[in-house]
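Below you'll find the structure, written out as structure tokens, and then a few comments.
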Amino acid sequence: WKDLDFTIEEAKKVMSKHRFENLPSSTTLSRLGYAGLSTAIARYYGGMQNFKPILLKYLGMPNQKEKLESILRDYVKKR
């Protein structure tokens with residue numbers, strides 16, 4: 001679990017298997033049987049708030065700030 005690539009691959013498997021667009025909360029992961037993944041994220045990567053941006057970057061997806069900026073740009077263009 002200390003290997004970031006391994007943890008990211010496991011997170012991707014969970015997202016794919018359950019058709020999640022985003023990685024769910026640690027509580028949801030635990031309920032679904034992925035307590036090990038949830039614990040590793042907390043222990044080695046500082047929790048979901050730190051791990052999710054790393055995962056998004058790895059997946060080539062925009063983070064929350066980038067999504068908001070895109071929405072605002074689109075809004076301003078339409079005005």
Side-chain angles (χ1 to χ4, degrees):
W1 290 114
K2 289 182 182 182
D3 179 1
L4 178 60
D5 290 331
F6 174 78
T7 306
I8 287 173
E9 287 303 316
E10 291 301 305
K12 285 172 50 179
K13 287 178 190 176
V14 171
M15 291 169 61
S16 177
K17 180 178 180 178
H18 296 280
R19 297 186 177 144
F20 292 132
E21 187 175 315
N22 297 301
L23 189 64
S25 69
S26 57
T27 302
T28 300
L29 286 174
S30 294
R31 285 186 193 150
L32 292 172
Y34 303 101
L37 175 60
S38 177
T39 300
I41 289 170
R43 181 175 292 155
Y44 301 117
Y45 306 103
M48 286 293 184
Q49 71 277 7
N50 292 328
F51 183 76
K52 283 184 177 183
I54 294 169
L55 178 62
L56 290 173
K57 184 176 180 181
Y58 185 89
L59 297 174
M61 298 171 63
N63 61 33
Q64 294 289 0
K65 180 182 175 188
E66 292 166 341
K67 284 181 185 178
L68 179 57
E69 288 172 346
S70 176
I71 291 168
L72 291 173
R73 274 193 304 274
D74 290 346
Y75 177 77
V76 169
K77 285 180 185 177
K78 291 180 182 178
R79 296 192 97 219

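Remember, predicted model here, so these are calculated numbers, not experimental data.
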Original post:
More than 12 non-hydrogen atoms from neighbouring residues, nucleotides or ligands closer than 6.0 Å to NZ on K57, yes or no?
Top reply: no
Subject >> Steps toward side chain to side chain donor-acceptor pair (under 3.5 Å) verdict (S30, T27) >> reply: CA-CA 5 Å; S30 294; T27 302; over 6 Å; no
Original post:
Donor-acceptor pair, T39 side chain versus A35 backbone, under 3.5 Å?
Top reply: yes
**OP:** Please name the pair of heavy atoms, one in N50 and one in G46, separated by the smallest distance, quoted to 0.1 Å.
**Re:** ND2-O, 3.0 Å
Subject >> Rounded distance (nearest 0.5 Å) linking atom OG of S26 with atom CZ of R31 >> reply: 10.0 Å
**OP:** Mind checking the CG-NZ spacing from D5 to K12? Nearest 0.5 Å is all I need.
**Re:** 9.5 Å
Original post:
Within the side chain of S70, is there an N or O that forms a donor-acceptor pair under 3.5 Å with the backbone of E66?
Top reply: no
Subject >> Cluster companions of L32 among Ile, Leu, Val, Met, Phe, Trp, Tyr (side-chain spacing under 4.5 Å) >> reply: W1, L4, F6, I8, V14, M15, F20, L23, L29, Y34, L37, I41, Y44, Y45, M48, F51, I54, L55, L56, Y58, L59, M61
Original post:
In this structure, are over 12 heavy atoms from other groups packed under 6.0 Å from E21 atom CD?
Top reply: no
